[in-house]
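Before any comments, here is the structure.
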Amino acid sequence: MKLKAKLGRFAGVLLLALMTQSALAGSADPTQELAALDQQTQALKKSVLELNRDLFVLEEELLYPSNTQVAVFVSLDVGEYFALDSVELSVDGKNVSNYLYTERELEALHRGGVHQLFIGNLKVGEHELVAVFTGQGPHARDYRRGASLKIDKNIGSKYVELRISDSAQAMQPEFVVREWE
Amino acid sequence: MTRNAIQHCCSLVASLAILAVTIGPVRADGLDGFVVQDPHYGEVLFHFYQQDQFTALTHLVTARSQNRVQRHQDDAELLQGGLLLSWGQHDEAGKIFERLLDATDDTSVRNRTWFYLAKVRYQRGHLEAAERAFESITAPLPPELEAERYNLQARLYMDNGRYAEAVALLNNWHGDETWTAYANYNTGVALVRMGQLEMGATLLDRVGTMRASTEEMRSLRDQANVALGFSYLQAQLDGDARSVLLRVRLNGPFSNKALLGAGWADSAGKNYQAALGPWLELSDRDLLDSAVQESLLAVPYAFAQLGAEPQAAEHYTRALDIFGTELARLDNALADADTGRLLNSLLETEPGSMGGWYWQLDSLPDDERTRYLYFAIADHRFHEGLKSYRDLAALDTHLTQWRDKLGAYRDMLATRELAYAERLPVLQDKVAQFDLPAMLAQQELNTRRTEQARATRDIVALAPNVEQQQWRRLLAMENAPAWDTEAASGLQEKQRVLKGVLLWNMDREFRVRLWRQDKANEALAEDLKLAAEQFAAIELATDSLPGTVLSFETRIDALEAFIGELQARLGVSMEQYALFLNGIATDELVAQRERLLTYRAQARFALASVYDRMAAQNR
C-alpha cells in the first residue's frame, strides 16, 4: 500500500467533504429532476394555499356570519407584574371559554402575538362580557382579577380585546377590556 | 458519516433556518414598542412565534384577502414572503419581494426585502442577481438577519471561487459568539482551499480551541479540528495533525474521522504501534462509516508493517468476514429498494404532520436494511426530496380533514333547510296574528292625545281610569233632575268638595303623568320599531335563506371538487418523489456495495501477500 499517496488522496477527499458541508446549510445543487419536481410542488402548494383561503372564508361565513360575529382577543403588554396562567370568559353570564396558556403561547404573547380566545355569534343588542384572569401577581402571589365590558352589538363583526398591561405607577398589572377599533 | 454527525448537521441547518425567519417581523416585538393594530395580524404573529408556520401562513393569506391587516400592509406582505420562502415557495416569495420593493419607501422594509430577495435568488442559483440584491442593502439589518446576510454572502463568494473576497467580508464582520465561530470556520476553510494553510490554520485553530457551552458548538469545534488535522496531513505535517486530531472528542460525531486521521499521522511517521491504538478502537465501531471500513484494512496493514504477520492475517480474515456479511445485507437492501419497500417505512414516519416547516429526519427505523439510508440522507437532494414528500403528504392529510369538515357543513345546511321548512309555517302564523299597522296607528293616536293634553293642560285626559270615572260621575250629578232642589243642597256641597279634591289631585299629578306618558309612548314606539325590523328580517330571511343555503351548497360542491382534483395531483407528485428518492437510495447502495467490493479485493490481495510472506519465512 502506498501510504503517502493513499493518505494524500484520502485526506483530500475528506477535507473536500468537510468543506462542502461548510458549516452553513448545504448549498443548493438540485438535479434537473429535483428542480422539475420542485416546480410542480410549488404549483401544488400555491393551489392548496388558495384553496385553504377559500375554505377558511366559507367556514367563517357559514359558522360566524359577520352580522352576528363576535371575536375576543387576548394581548399582553410587558407583563412584568403579572404572569398569566389562564383566562375565563363569560358572555351574558354564560361561560364560553376557559383557556390555559402554555409556556410557548405565553412567549408568543410577550413577543407581540395576539390570541383569539373566542369567536362566536351574538344577537344585535347589548351584551356583557366578563373576563377573569388567573396567574401570579407581584411577589409571585396567586392573583385573580376580573374585568368586564358592556358591548352594543350592531350589524357587522365586533372585535374585543382583553389587554393585560403593567401600571408602572401602581406597580400592579392592569386588565382592560375594550372594543378593538 | 455517523448517525450523530447526520443529526448534528440536520439540527444545525434547522436552527439556522429558524433563526433566519424568526427575525422577519422583528418590529412586532412588544419589547420594541411595536403595537399590533389589527387583531388578525397579531393572531398570525401568535402562531408564527410558536413556529406554527403553516397556520400563520394560511391565516395571513385569509386575513389579507378579507382586508383585515390593512394597518400592517408592508409588514404583512414581508412576513408572507418570508413564510413562503421558508416553505419552499421561492417563485411566489420572489414575486412578493419584488412587488414590495416597488411599493414601499420604508428603508427598514426595503432592506429586509432586499435580503430575502437575495436569499431567494441565491437558493435558485441566480448568483449574480443575488449579489446585486445583497449590494442593495443600505443599512445594517436586525442582528440575526445581519449574521445570516454576511454568511450567505460569503458562501456566494466561495461558490464563485472568490475566496479572497469571502475572507475579507467575514474578517470585517463581528457577530455574536456562535455566528463568529461559524464565520471563522468558513473563513479558515476558504483560506485552506486558497492554499493559505498558515492563515487558515490560525482561524481553524481558534475554533478548534474555543470554549463551547452547547453541543452544537462542541461539534463545530470537533469539525474544525478534523478539517485542520486533515489539512496538516495533506501538507505532510504529521505531528501537528496528530495533536490537532487528538483534541476531537471520542464520542462526538467526528470522532471516527479523527481516529482514522490520528492513526494515519502515526503511520506516516512509521510509528505503527501508536497507529494501532486509534485504528483498533475504530475497527469495533459501526461499519456504516467509511472511516470504520477503512480501519478494518488499516489495522492489519499496521500489524504487517510491525512484522506481526499472524495478527495481520487474522485481522484481514476478520475484515473479509465483515465485508462479506455487510455485502449480503446490502444485497438484501438493494432487493428491497427494487420493490420500493426500503423507502416505505421511511416515508411513513410521522405522517401528516404539518408542523415540519424545518423538519429534519432525526432517526431512521432501526432495522438492518434501512440503516443504509443514512448515506442517502446525507445527500442534499435526497433530504430535500424527502422533505417535499412529507410536505405533500401533510397537505394531503390536511385536505382530507377539510373534506370531512365540508361533509359536516353540508349536513348542517341540510338541517338548516329542514328547520326552515318546519318553522316557517308556524312563524308565518304568528306574524299573521300580529296586526302591526293597527298597533302603529294606536301608538300614533296615543302620542297625539298626549300632545293635545300637554297643549291644553287637560289634566283629566292623563288621569287614571278610576279618577276619570269618578270625575265623570261627579259631573253627571249636575245634570240630574233633582240637582237644583232644596234637598240636594247638602249633596251639592259634598260634590263641590269632592270635585275640588279630585281636581287638586289630578293637577298635582299632571306633570308626573305627562312624563310617564311620554316615556310609555317612546318605549312603545321603540318596541314597534324593533318589531317592524324583526318582521322585515323574517321576511328577508324567508325570501333569502333558500338562496343562501343554495349558494353555500354550490360553493361546497366547487371546493370539494377542487380538493379531489388537488389530492389526485398530490398523489401523482408523491409517487414521483418516491421514485426519485428510491433512485438516489439505490445509487447510494450500489456505491456502497462497490466500495465494499474494492475493500474486499484489497483485503484478499493483502491477505495473500501476508500468507506468502509467512510461507517464505517458514521455508
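Owing to the predicted nature of the structure, the values given are computational and were not obtained by experimental measurement. Lettering follows sequence order; numbering is per chain, from 1.
Contact residues of residues 51-67 of chain A toward chain B are A/Leu51, A/Asn52, A/Arg53, A/Asp54, A/Leu55, A/Phe56, A/Val57, A/Leu58, A/Glu59, A/Glu60, A/Glu61, A/Leu62, A/Leu63 (heavy-atom distance under 4.5 Å). Contacts with chain B (heavy atom to heavy atom, under 4.5 Å) involve these residues of residues 116-139 of chain A, listed by number: A/Gln116. Of all residues in residues 149-161 of chain A, those placing a non-hydrogen atom less than 4.5 angstrom from a non-hydrogen atom of chain B are A/Tyr159.
Ranked by heavy-atom pairs under 4.5 Å with chain A, the list B/Ala558, B/Ala304, B/Gly42, B/Pro39 is led by B/Pro39. In terms of heavy-atom pairs under 4.5 angstrom with chain A, the leader among B/Arg64, B/Met412, B/Gln305 is B/Met412. Ranked by non-hydrogen atom pairs under 4.5 Å with chain A, the options B/His59, B/Glu565, B/His47, B/Arg68 are led by B/Arg68. With chain A as partner, the option from B/Gln89, B/Lys405, B/Glu43, B/Arg416 having the largest number of non-hydrogen pairs under 4.5 angstrom is B/Gln89.
Between the CG atom of A/Leu34 and the CZ atom of B/Phe580 there is a distance of 4.0 Å, given to the nearest 0.5 Å. From A/Arg111, atom CZ reaches atom CZ of B/Phe48 across 7.5 Å, with rounding to the nearest 0.5 Å. Expressed to the nearest 0.5 Å, how far CD of B/Glu384 lies from OG1 of A/Thr41 amounts to 11.0 Å. Here NZ of A/Lys45 is found 6.5 Å from CG of B/Leu392. Values are rounded to the nearest 0.5 Å. Here the CG-CD distance, from B/Leu579 to A/Glu33, works out to 8.0 Å after rounding to the nearest 0.5 Å.
The shortest heavy-atom contact between A/Ser47 and B/Leu566 is CB-CD2, 3.5 Å. Closest heavy-atom contact between B/Val36 and A/Trp180: O-CZ2, 3.4 Å.
Residues B/Ser573 and A/Leu44 are in side-chain contact: their nearest non-hydrogen atoms beyond the backbone lie under 4.5 Å apart. Side-chain contact check for A/Val48 versus B/Leu399: some heavy-atom pair is nearer than 4.5 Å. Under the 4.5 Å side-chain criterion, counting only non-hydrogen atoms from C-beta, B/Arg569 is not in contact with A/Gln40. The closest side-chain heavy-atom distance from B/Gln50 to A/Glu107 is not below 4.5 Å. Put simply, the side chain of B/His90 reaches to within 4.5 Å of the side chain of A/Gln42, judged on heavy atoms. The closest side-chain heavy-atom distance from A/Gln39 to B/Asp91 is below 4.5 Å.
Proximity to chain A (any heavy atom under 4.5 Å) is restricted, for B/Leu406, to the side chain, taken from C-beta onward. Residue contact with chain A, scored on non-hydrogen atoms closer than 4.5 Å, involves the backbone and the side chain of B/Gln576 alike.
A side chain to side chain contact (heavy atoms under 4.5 Å, CB included) with A/Leu49 holds for exactly one of B/Leu395, B/Thr62, B/Thr58; it is B/Thr58.
For an aromatic pair to be called close, the ring centres must be under 6.0 Å apart, and B/Tyr49 with A/His110 fails this.
In this structure, B/Gln534 has no side chain to side chain donor-acceptor pair (under 3.5 Å) partners at least two apart in sequence or on a different chain.
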